[in-house]
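Here's the structure we're looking at; comments come further down.
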Amino acid sequence: GPITESRMFGFKKAAAKWLRYFRLASFLLIALVSAGLIYVVTIDLGPTLRSQAEQQFANYIDRPVHIGRLSTYLLPGRFLIEDLVIDGLSNGDRPFFHAERIIVSTAWLPLLRGEFLVDEVDMTGWRMLVESFEDGHHSFPPFVGGSEDDESARTAASDEGAEPSRRFVTTVQFLRAHDGEFVYEDHGSPWSVVARNVDLRLRKEIGYGGQASFNGGTLQIGEFQPMTIGMDANYELDGGLVELSHIDLTMDGVESIVTGSLDLLNWPESTYEIVESSIDLPTMKDVFFAEDNFLVTGNATFTGLWHIFDGGRELSGTFKSADAALQELPFPALNGDLIWTQDRFEILRAESSFFD
């Protein structure tokens with residue numbers, strides 16, 4: 001009798017203990033599932049809000065915009081934009097931009113003081129296509145800068161002593177755009193670059209700045225052989241001006257260190273200083289003279305300036321090689337100056353030793 005009662009008491013105590021563990025585990029499981037649902041479940045905001053968002057964005061860049069789906073997560077302040085498309089210049093043109101998914105995380109309190117504070121933007125599966133044409137026009141929209149009419153209205157209101165209408169200020173703390181592709185096609189030259197696997201990060205500290213990289217890209221100049229291209233860069237953003245403080249650029253047979261600046265308000269205005277390029281001459285021969293039967297050996301360096309402007313481009317600089325050889329004839333201490341524009345390639349000066 002006593003042994004049986006003791007065993008029963010022990011069984012009940014153990015069962016109660018395991019029941020508490022089970023309840024705790026159940027609560028934890030429910031909490032984890034609920035948190036997961038809050039983080040991943042979205043609610044469609046409907047066609048009205050989607051249409052308003054399309055119209056506001058279209059007014060800002062003066063280009064038709066389409067959004068496949070606009071929704072909000074159960075977690076407050078998180079929104080999802082799917083299949084965002086910005087049209088090309090004309091009906092039937094390829095889209096300027098397409099993004100599969102954009103997640104926007106916001107803070108609510110700053111809205112009370114007229115600021116739309118975006119904590120984080122995460123964009124994946126995107127593609128941007130920029131085209132330049134022979135007559136000088138291009139497909140890059142006016143993303144940056146306010147309307148002159150808006151500025152005139154604010155100035156007039158200030159002159160008359162009236163309080164100018166309050167406008168929301170949008171601030172982005174962090175942006176990551178990854179799994180992307182950037183394509184530039186110059187139909188007038190022609191030349192093109194396809195940057196694949198683009199990963200771009202933008203942070204707001206004192207100003208805006210970040211890193212950009214891509215790999216597995218393709219550079220095509222005219223009818224010459226295509227070159228594989230990749231890049232790692234640091235940049236700072238000041239309004240419409242992008243200052244590229246350091247660029248590591250790699251192509252078939254070329255490794256370059258570059259700095260530069262890009263004016264988004266006056267696309268394609270940009271200037272790149274080629275601090276130094278290390279060049280494998282046999283590879284360059286295979287790219288630019290693939291059909292010609294001659295032998296080149298040696299290495300070279302190049303420093304110069306690459307200027308892209310409305311209606312043209314210009315590459316100028318100095319080349320040097322200690323061991324260049326053509327058809328096994330050495331040209332030691334080779335150096336010179338060159339210029340390459342849209343309509344000519346010219347050696348301005350060249351000198352070398354030859355058979356002592």
Side-chain angles (χ1 to χ4, degrees), residues 124 126-130 132 176-186 189-202 209-237 242-262 264 268 270-290 295-308 313-325 334-340 345:
T124 58
W126 57 275
R127 185 178 192 268
M128 179 183 291
L129 168 65
V130 180
S132 294
R176 186 183 181 196
H178 51 111
D179 187 25
E181 181 177 278
F182 173 81
V183 180
Y184 178 69
E185 297 180 357
D186 186 336
S189 296
W191 73 282
S192 65
V193 61
V194 180
R196 300 183 180 89
N197 308 307
V198 180
D199 190 342
L200 183 145
R201 299 166 189 259
L202 173 69
Q211 302 81 37
S213 65
F214 69 86
N215 58 72
T218 303
L219 173 65
Q220 179 76 58
I221 301 176
E223 299 298 323
F224 301 116
Q225 295 297 304
M227 289 185 281
T228 302
I229 184 172
M231 184 196 77
D232 287 285
N234 298 324
Y235 69 93
E236 295 179 358
L237 185 63
V242 182
E243 293 289 350
L244 295 148
S245 57
H246 184 88
I247 306 171
D248 288 324
L249 187 66
T250 59
M251 297 182 290
D252 291 339
V254 181
E255 293 185 0
S256 302
I257 299 174
V258 184
T259 64
S261 63
L262 170 64
L264 296 178
S270 53
T271 303
Y272 305 95
E273 181 182 355
I274 304 170
V275 179
E276 182 175 275
S277 281
S278 299
I279 304 169
D280 180 72
L281 295 178
T283 303
M284 291 298 95
K285 184 269 174 190
D286 292 340
V287 170
F288 293 101
F289 300 94
L295 178 65
V296 173
T297 59
N299 296 280
T301 61
F302 178 81
T303 58
L305 206 63
W306 172 238
H307 183 200
I308 303 174
R313 68 185 191 281
E314 180 178 293
L315 174 69
S316 59
T318 299
F319 60 88
K320 296 180 180 180
S321 177
D323 59 352
L334 174 66
N335 70 92
D337 302 320
L338 63 82
I339 185 170
W340 189 3
F345 180 89

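Just the heavy atoms: all of them, side chains too, but no hydrogens, waters or symmetry mates, feed the values below.
- Judged by distance alone, with hydrogens and angles left aside, the side-chain atoms of Thr301 form no donor-acceptor pair with the main-chain N or O of Ser277 at under 3.5 Å.
- Looking at every heavy atom in both residues, Asp248 comes nearest to Ile257 through OD1-CG1, 4.1 Å.
- Counting heavy atoms from C-beta on, the side chains of Tyr235 and Leu202 come closer than 4.5 Å.
- Side-chain contact check for Val254 versus Phe302: every heavy-atom pair is 4.5 Å or farther apart.
- Rounding to the nearest 0.5 angstrom, the gap separating the CD atom in Glu243 from the OG atom in Ser245 is 9.0 Å.
- In this structure, OG1 on Thr250 lies 10.0 Å from CE on Met231, to the nearest 0.5 angstrom.
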task: Go through Arg196 and Thr218 one step at a time and tell me if the side chain to side chain contact (heavy atoms under 4.5 Å, CB included) criterion holds.
output: CA-CA 8 Å; Arg196 300 183 180 89; Thr218 303; 2.9 Å; yes

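- The two residues Ala290 and Gln225 make their nearest non-hydrogen contact at CB-CG, 3.7 Å.
- The closest side-chain heavy-atom distance from Thr297 to Asp323 is not below 4.5 Å.
- Summarising the local packing, CZ of Phe289 is surrounded by 12 or fewer heavy atoms from other residues, nucleotides or ligands at distances under 6.0 Å.
- You'll find the side chain of Glu314 stays beyond 4.5 Å of the side chain of Leu305, heavy atoms only.
- To the nearest 0.5 Å, atoms OH (Tyr272) and CG (Leu262) are separated by 5.0 Å.
- In this structure, OG1 on Thr228 lies 4.5 Å from CG on Asp252, to the nearest 0.5 angstrom.
- How far OG of Ser192 is from CG of Asp186: 9.0 Å, rounded to the nearest 0.5 Å.
- Checking side-chain atoms of Asp199 against main-chain N and O of Ser213 turns up no donor-acceptor pair under 3.5 Å.
- Surrounding CD of Gln220 are more than 12 heavy atoms belonging to other residues, nucleotides or ligands, all under 6.0 Å away.
- With contacts defined as side-chain heavy-atom distances shorter than 4.5 Å, the pair Leu315/Ile274 qualifies.
- The two atoms that bring Met251 and Leu219 nearest to each other are SD-CD2, 3.4 Å, heavy atoms only.
- Within the 4.5 Å cutoff, no side-chain heavy atoms of Glu181 are placed close to those of Phe214.
- The minimum heavy-atom distance linking Arg313 with Trp191 is given by the pair CD-NE1, 4.1 Å.
- At least one side-chain heavy atom of Asp337 sits less than 4.5 Å from a side-chain heavy atom of Thr318.
- Other residues, nucleotides and ligands place more than 12 heavy atoms under 6.0 Å from the CD atom of Gln211.
- The main-chain N or O of Thr271 is never found under 3.5 Å from a side-chain atom of Trp306 such that the two would form a donor-acceptor pair.
- Using a 4.5 Å cut-off on side-chain heavy atoms (C-beta onward), Ile229 and Met227 make no contact.
- Of the inter-residue distances, the one linking Leu129 atom CG with Tyr184 atom OH reads 11.0 Å to the nearest 0.5 angstrom.
- Between Leu244 and Ala233, the shortest heavy-atom distance links the atoms CD2-CB, 4.3 Å.
- No side-chain donor-acceptor contact under 3.5 Å links Asp179 to the backbone of Thr124.
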query: Between Asn299 and Asp280, is a side chain to side chain contact (heavy atoms under 4.5 Å, CB included) present by the stated rule, with each step listed?
result: CA-CA 5 Å; Asn299 296 280; Asp280 180 72; 3.6 Å; yes

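- Taking every heavy atom of both residues into account, Leu249 and Gly230 meet most closely at CD1-O, 3.5 Å.
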